[in-house]
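In what follows, chains are A, B, ... by sequence order, proteins preceding strands, each numbered from 1.
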2 protein chains.
Amino acid sequence: MAHMTMQDHTEKAEACALKRRHAAGEDPEKRHQILVGAWRVFVEQGFDAASMNSICKAAGVSKGTLYVYFENKEDLFVALVEEKRQDFFDGIFERLVGAGSIEERLLAYAMGLSEQLNSEEVIRAQRIVISVVERMPDLGRRFYDAGAAHFLGRLHGFLREETEAGTLVVPDFELAAAQFVELATTGTWRARMFGRREDEPTAEEIEYVAREAVAMFLAKYRA
Amino acid sequence: MAHMTMQDHTEKAEACALKRRHAAGEDPEKRHQILVGAWRVFVEQGFDAASMNSICKAAGVSKGTLYVYFENKEDLFVALVEEKRQDFFDGIFERLVGAGSIEERLLAYAMGLSEQLNSEEVIRAQRIVISVVERMPDLGRRFYDAGAAHFLGRLHGFLREETEAGTLVVPDFELAAAQFVELATTGTWRARMFGRREDEPTAEEIEYVAREAVAMFLAKYRA
DNA sequence: GTCGTGTCGAACCGAGCGGTTCGATTGGCT
DNA sequence: AGCCAATCGAACCGCTCGGTTCGACACGAC
């Protein structure tokens, strides 16, 4: 409501960029610092077992400050997942549109996808999200949409293009995209989610599974 | 160490069958009753949020009695999962060895598998197991072995037989079996685990996905 | 009938929880 | 220099947790 000149805005922005006194709960550095600590604790203890005290200690922040930045534990966790989603799932999509034959592009996509979904960090995140999905259904849905659904969407578009170009014959884009994702993580993701496999799959295994996934996929859908 | 005549054993067994005073913590009916109540509570609250008090109430049993039957919460949960594993995964395997063409048998197997893994009860059980897998790694492994690994084993055997019979050409049985399981639950299981889909898939959807799974599988591995 | 024992139920324990409060401290701002 | 607000840190709140204890009770064994 208060009137500000353009001048004022510019000055403020400049000051912020360096070292400014922030309003309570509005220092983005501190906020990030809290999230980093919280991530460590959540990831190694799970949602319920992680106490706000541990998170304070891990983040190097007083409890009072913590509650200035986040309303409560759930709020903190939602903000955390919201931040992580993007880190996790960026930088894979462009593999689909890169140069190369269909095989090469699908292979690159499958490998990126498997590598990402099977990484220790993402596995643990997925476990925690699943464990609270009953209490926080929105969180689960948003997480899924940002991850799996996003992969599926890109693939869906790719398949339609290739079908229109006559390279592939895909009667059901949704299904085919989902099949591809499943094939790419065959034998690894599920076992890792249940703790049946403790270590990340090796690069060789990822490539092997991805290659076979592409082979099977094209055996069915190649024109 | 104590000596007993055959007579004694028989008498005891007969008495037990009807209405006998059981030693503390050894009445199988009561034990089952506790597990039923515990299942209800665990399933709708998760491991951490489920309190022993709620479980007592749900089971209609006093807290003292509960702790006579089970050492602690973890012990109770392990016993519960142990009991449920068998209920969940029985009665599907024989579909593979039934009569019919390969297509028919694979289809039946895929449908049974998808139906089972996607049922509300099993989804919830899987969520809970995954949520505690960090703290109780054995439990996760045993659950996986009783479920997914069991499916895979049967399929593995089937594929070898068919390959030896010349019907299929499968270079890597492990991989192919895993691929089949993934294909059978395409688009349903993962989304349900993350709460992205609230309702069990319909029989029609299960059959559709299963059919496409078999089609793709045979497109790759049929001799 | 009376004894023995498995169950009940409620009180109880110490610990830890999420969340709040408040005085002391610090370091940018004017 | 002196103000002021963001942060600190420790104590504190009410509550619930997993787990224990114990006297009352009910019922099968003899």
Side-chain angles (χ1 to χ4, degrees), chain A residues 8 11-35 37-38 41-42 45-80 132 135-136, chain B residues 8 11-38 41-42 45-80 131-132 135-136:
Chain A
D8 287 338
E11 281 173 357
K12 202 158 196 170
E14 278 176 335
C16 278
L18 296 177
K19 196 73 156 283
R20 165 147 176 82
R21 195 84 180 283
H22 297 89
E26 301 207 336
D27 182 343
E29 261 183 58
K30 185 141 293 217
R31 191 185 140 96
H32 183 70
Q33 169 190 346
I34 294 174
L35 289 177
V41 177
F42 275 130
Q45 313 215 30
F47 181 81
D48 289 284
S51 79
M52 290 304 252
N53 281 316
S54 321
I55 292 176
C56 293
K57 210 156 44 171
V61 142
S62 84
K63 217 170 171 181
T65 305
L66 177 62
Y67 275 97
V68 168
Y69 279 81
F70 300 96
E71 264 192 20
N72 52 43
K73 193 170 164 181
E74 186 171 321
D75 182 40
L76 170 59
F77 183 65
V78 169
L80 182 56
V132 298
R135 270 171 293 175
M136 303 156 64
Chain B
D8 287 339
E11 279 172 3
K12 200 157 199 173
E14 277 175 339
C16 279
L18 296 177
K19 195 72 157 283
R20 165 149 178 82
R21 196 83 181 285
H22 296 89
E26 301 209 335
D27 183 342
E29 262 183 57
K30 186 141 295 217
R31 190 184 141 97
H32 183 70
Q33 170 189 345
I34 293 175
L35 288 177
V36 168
V41 178
F42 275 129
Q45 313 215 27
F47 181 80
D48 289 286
S51 79
M52 291 303 255
N53 280 316
S54 321
I55 292 176
C56 293
K57 209 156 44 172
V61 141
S62 84
K63 216 171 171 181
T65 305
L66 177 64
Y67 275 97
V68 167
Y69 280 80
F70 300 96
E71 265 193 20
N72 52 43
K73 193 170 165 181
E74 186 171 321
D75 182 41
L76 169 59
F77 183 65
V78 170
L80 181 56
S131 78
V132 299
R135 271 170 293 175
M136 304 157 62

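- Nearest nucleotide to the A:Tyr67 side chain, out of C:dC8, D:dG18, C:dG19: C:dG19.
- Side-chain atoms of B:Lys63 stay outside donor-acceptor range of the base of C:dG9, with no qualifying N/O pair under 3.5 Å.
- Summarising the geometry, the separation between CD on A:Glu74 and P on C:dG18 is reported as 13 Å, rounded to the nearest angstrom.
- What separates NZ of B:Lys30 from C1' of C:dT5 is a distance of 14 Å, to the nearest Å.
- One interatomic measurement links the two molecules: CG of A:Leu66 to P of D:dG9, which rounds to 13 Å at whole-angstrom precision.
- Remark: A:Ser62 is not in phosphate contact with D:dG9, judged by side-chain N or O atoms under 4.0 Å from OP1 or OP2.
- Contact check, A:Tyr69 against D:dA6: no side-chain N or O comes under 4.0 Å of OP1 or OP2.
- For the atom pair A:Lys63 NZ and A:Met52 CE, the distance stands at 8.0 Å (nearest 0.5 Å).
- Rounded to whole Å, atom P of D:dT16 lies 11 Å from atom NZ of B:Lys57.
- Side-chain atoms of B:Arg135 and B:Asp48, non-hydrogen and from C-beta on, do get closer than 4.5 Å to each other.
- Residue A:Ile34 is tested with A:Leu76, A:Asp27, A:Leu80 for a side chain to side chain contact (heavy atoms under 4.5 Å, CB included); the sole match is A:Leu76.
- Residues A:Asn53 and B:Gln33 both approach DNA chain C. Their nearest nucleotides, taken by heavy-atom distance, put B:Gln33 toward the 5′ side.
- Look at CZ on A:Arg135: it is 12 Å from P on C:dG18, rounded to the nearest Å.
- Between the P atom of D:dG18 and the CZ atom of B:Phe70 lies a distance of 16 Å, rounded to the nearest Å.
- No contact: A:Ala49 has no heavy atom under 4.0 Å from any strand.
- The phosphate of D:dC8 (OP1 or OP2) has a side-chain N or O of A:Thr65 nearer than 4.0 angstrom.
- Distance from the side chain of A:Val61 is smallest to D:dC8 among C:dC8, C:dG19, D:dC8.
- For the pair A:Met52 CE and D:dA10 C1', the computed distance is 17 Å after rounding to whole Å.
- Listed nucleotides C:dG18, D:dG19, C:dG19 differ in distance to A:Asn72; the shortest reach to its side chain belongs to C:dG19.
- Among the nucleotides D:dC8, C:dT7, C:dC8, the one closest to any side-chain atom of B:Asp27 is C:dT7.
- Counting heavy atoms from C-beta on, the side chains of A:Tyr69 and A:Leu35 never come closer than 4.5 Å.
- Rounding to whole angstrom units, CD1 of residue A:Ile55 and P of C:dC17 are separated by 11 Å.
- Between A:Phe42 and A:Phe77, the ring-plane angle classifies as perpendicular under the 30° and 60° cut-offs.
- Comparing A:Gly64 and A:Asp48 along DNA chain C, the residue whose closest nucleotide (by nearest heavy atom) sits nearer the 5' end is A:Asp48.
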